[in-house]
Student: 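My questions will all concern the structure given below.
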Protein chains: 2
Amino acid sequence: MNKYHDVANKINLFIQENNLTRGSKLPTLTELANTYEVSKNTIIKALEVLETNGVIYQVRGSGTYVRGRHRKGFVNLTDVQGFHSIFREFNLSSKVIELKEIEAPSNVAEILEFTDQEKVYYIKRVRYIESRPFCVEESYYLKTIVPYLNEEIASQSIFNYLTEDLKINIRFSDLFMRIGKLNQEEAGYLELETHDPSLNIESIYYLSNGRPFNYSLIKYHHEEAQFFVQGNNF
Amino acid sequence: MNKYHDVANKINLFIQENNLTRGSKLPTLTELANTYEVSKNTIIKALEVLETNGVIYQVRGSGTYVRGRHRKGFVNLTDVQGFHSIFREFNLSSKVIELKEIEAPSNVAEILEFTDQEKVYYIKRVRYIESRPFCVEESYYLKTIVPYLNEEIASQSIFNYLTEDLKINIRFSDLFMRIGKLNQEEAGYLELETHDPSLNIESIYYLSNGRPFNYSLIKYHHEEAQFFVQGNNF
DNA sequence: CAGTGGTCTAGACCACTGC
DNA sequence: CAGTGGTCTAGACCACTGT
C-alpha cells in the first residue's frame with residue numbers, strides 16, 4: 001500500500017468518524033503533513049485521491065472541504081468496480097441462463113480487437129437485488145485471459161473471481177448507455193411487459209496493459225436503474 | 001495557463017497530428033521531459049491529465065500508450081462541460097418555453113442548500129440537435145449567483161454565458177440518472193407519444209467554492225440519448 | 001536485468017480567498 | 001496582506017514489465 005493511499009484512507013476515516021458534513025473544513029496541508037508525518041506533496045496526492053472520489057473539494061486560498069452528497073440506491077458509474085463494491089451491502093444474486101464456450105461472433109471480435117478466431121466464454125444471466133430482478137446481462141470473456149469459468153462462479157460475483165482468484169487487474173472501462181426495448185424473453189426475466197423500456201449499458205473492460213478482455217451488454221430494469229456520475233472540472 | 005496543462009495540450013496535439021491509434025507507444029517520461037523542457041514530475045502531471053481524460057493509459061515498467069476509443073454521437077458524462085463542448089460541432093439550438101423569476105420551491109431550496117427564501121430563475125426549454133428535438137430541460141439558477149438572464153441568452157448556450165460573460169467557475173457536478181415516462185406536454189415537445197420512455201438526468205452544479213447554484217432536470221429523447229463514461233481504476 | 005513508470009521528499013515560489 | 005492551496009524542480013529510490 002502506498003503512503004498516499006494510506007493517508008487518503010486515514011483522512012477518509014477521520015471524516016466519517018467525526019461525522020463531518022458537507023462544507024466542513026479540514027486542517028491545512030501543512031497541518032495534515034505534520035499529523036500524518038509525510039511531506040506536503042504526499043498530502044496533496046492523498047487529497048487528490050479523495051477529490052476524484054468525490055469525498056472532498058479544495059478551494060485555492062481558502063481550504064479543503066467535505067463534499068459528500070449521496071443519494072441512496074444510486075450506483076456510481078465512474079467507479080470501475082461500481083456494481084460489485086456498492087452491492088456488497090445488498091443481497092445480490094444471479095441466475096445463470098446460459099454459459100458456453102464459443103468462437104467469438106464477429107462484432108465481439110471487433111470490439112475486443114482480435115483478428116484470428118478466438119474462443120470466448122459467453123454468459124447470459126439475470127441478476128437480482130434483494131430478490132427483485134434487476135438486470136439481464138450478456139457477457140463475453142476472452143478465454144486466453146479467463147481460462148476457466150463455470151456456472152457456480154457465474155452465479156456469484158464474476159468480478160471477485162477475476163480480481164481475487166485469477167489476480168486479474170482491471171485498469172479501465174468504457175461504458176456506453178442508451179435506452180432500449182425489451183424483447184419477450186428479457187421482459188419475462190425482468191417481470192415486465194414486452195417492449196417495456198430498459199436502460200442498456202454496453203461496457204468494455206481493459207486489463208492494466210490496455211488489452212480489452214470483456215464485453216458486456218446489460219439491460220437494466222427501468223425502475224431499478226439508478227446511476228450517478230460525479231463530474232470534476234479543471 | 002499552467003505548464004502541465006500546456007504540455008498536456010501539446011502531447012494531445014502530437015497524438016492527433018501523427019494519427020496515433022490505440023496502443024501506439026509514446027516516448028518515455030525522460031524523453032518527454034527533455035523535448036518539452038520541463039521536469040519529469042511535470043510530465044507526470046501532464047500525462048495524468050490526459051489519462052483522466054481517457055486519452056492515454058500508462059503501464060508501469062512498460063510505457064505510455066494511446067487509449068483513444070470513441071463512438072460517434074455519444075456524449076461524455078464525466079466532463080462537466082459535456083453537452084456544450086461536444087455539441088459545438090453540431091447545430092444545437094434551443095426554444096424557450098418559459099422563463100420567470102420565482103421564489104424557489106421547497107425541493108429546489110433543499111437541493112441548493114438554503115433555508116431562507118431565495119429568488120431563482122426558472123427556465124424550461126426544448127433543445128434541438130440538427131433541428132431534431134433532443135431534450136426538455138427544466139432548470140433553476142440561484143439569482144444571487146446569476147443576477148440576470150433573458151430569453152435571448154436562454155435560447156443559446158447558458159453555459160457559455162455563465163463561464164464567459166459572468167466569469168463563473170463551475171467546479172464540479174453531481175448527475176443522477178434514471179428512466180422516466182413523458183407526460184403529454186413533454187411528449188409533444190419531443191414529437192413522441194405520451195408515456196414513451198425518456199432518460200432523465202437530474203444535475204446539480206457547484207461553484208469553485210463548493211456552493212451549489214443550479215439544479216436541472218433534463219428529459220432526453222430516448223432515441224437521441226447516448227452517453228458514455230470512461231472509468232479509471234486505481 | 002535493463003528500461004520505464006511511480007512514489008516521495010524538501011524547498012522555492014506562485015495564485016487565490018477572505019478578512 | 002496573512003493564510004492557504006497549487007505549481008514546479010532536482011534528485012533519490014521503488015516497483016513493475018518484458019526480453
Student: C/dC8 C1' sits how many Å from A/His5 NE2, rounded?
Tutor: 14 Å
Student: Can you check whether A/Tyr206 and B/Tyr57 have ring centres sitting under 6.0 Å from each other?
Tutor: no
Student: For DNA chain C, which residues of residues 26-44 of chain A approach it to below 4.0 angstrom with any heavy atom?
Tutor: A/Val38, A/Ser39, A/Asn41, A/Thr42
Student: Salt bridge (Lys or Arg N to Asp or Glu O under 4.0 Å) with B/Glu138: which residues, sequence neighbours excluded?
Tutor: none
Student: From CG of B/Asn2 over to C1' of D/dG5, roughly how many Å is that when rounded to an integer?
Tutor: 13 Å
Student: Identify the two heavy atoms, one from B/Arg127 and one from B/Leu92, that lie closest to each other, and give their separation to 0.1 Å.
Tutor: NH2-CD2, 3.8 Å
Student: Under 3.5 Å between N/O atoms: give me all the protein pairs with nucleotides 15-19 of chain D, atom names plus distance.
Tutor:
unit_1: D/dA15; atom_1: O4'; unit_2: B/Arg60; atom_2: NH1; d: 2.9
unit_1: D/dT17; atom_1: O4'; unit_2: B/Gly61; atom_2: O; d: 3.4

Student: What is the separation between atom CZ on B/Arg171 and atom C1' on D/dG5, rounded to the nearest whole Å?
Tutor: 10 Å
Student: Please give, in whole Å, the distance from D/dG6 C1' to B/Glu48 CD?
Tutor: 13 Å
Student: According to a strict under-4.0 Å criterion, is A/Lys3 in side-chain N/O contact with OP1 or OP2 of C/dG6?
Tutor: no
Student: Report the residues that fulfil side chain to side chain donor-acceptor pair (under 3.5 Å) with A/Glu103, sequence neighbours left out, ordered by chain and then residue number.
Tutor: none
Student: Does a nitrogen or oxygen in the side chain of B/Tyr4 sit under 4.0 Å from OP1 or OP2 of D/dT7?
Tutor: yes
Student: Without decimals, in angstroms, what is the distance between B/Glu51 CD and C/dG5 P?
Tutor: 12 Å
Student: Under a cut-off of 3.5 Å for both distances of each Watson-Crick or G-U pair, what dot-bracket string does DNA chain C give, using [ ] for crossing pairs and | for inter-strand pairs?
Tutor: ||||||||||||||||||.
Student: Which heavy atom of A/Val59 sits nearest to which heavy atom of B/Ser208, and what is that distance?
Tutor: CG2-O, 3.3 Å
Student: Give a yes or no on whether the ring-centroid distance for A/Tyr220 and A/Phe134 is below 6.0 angstrom.
Tutor: yes
Student: So do the side chains of A/Arg60 and A/Gln58 get within less than 4.5 Å of each other, counting heavy atoms only?
Tutor: no
Student: Given A/Glu137, which partner from the list A/Lys124, A/Arg125, A/Lys219 fulfils the side chain to side chain donor-acceptor pair (under 3.5 Å) test?
Tutor: A/Arg125
Student: Could you list the residues that satisfy ring-ring contact (aromatic ring centres under 6.0 Å, His included) with B/Tyr121, not counting sequence neighbours?
Tutor: none
Student: Any side-chain to backbone donor/acceptor pair from A/Asn18 onto A/Leu20? Under 3.5 Å, distance only.
Tutor: no
Student: Which label fits A/Tyr122 and A/Tyr140: parallel for a plane angle under 30°, tilted from 30 to 60°, or perpendicular past 60°?
Tutor: tilted
Student: How long is the line joining CE of B/Met1 and C1' of D/dG6, in whole Å?
Tutor: 15 Å
Student: For DNA chain C, whose closest nucleotide is more 5', that of A/Lys45 or that of B/Lys25?
Tutor: B/Lys25
Student: A/Gln58 side chain N/O closer than 4.0 Å to the phosphate oxygens (OP1, OP2) of D/dT4?
Tutor: no
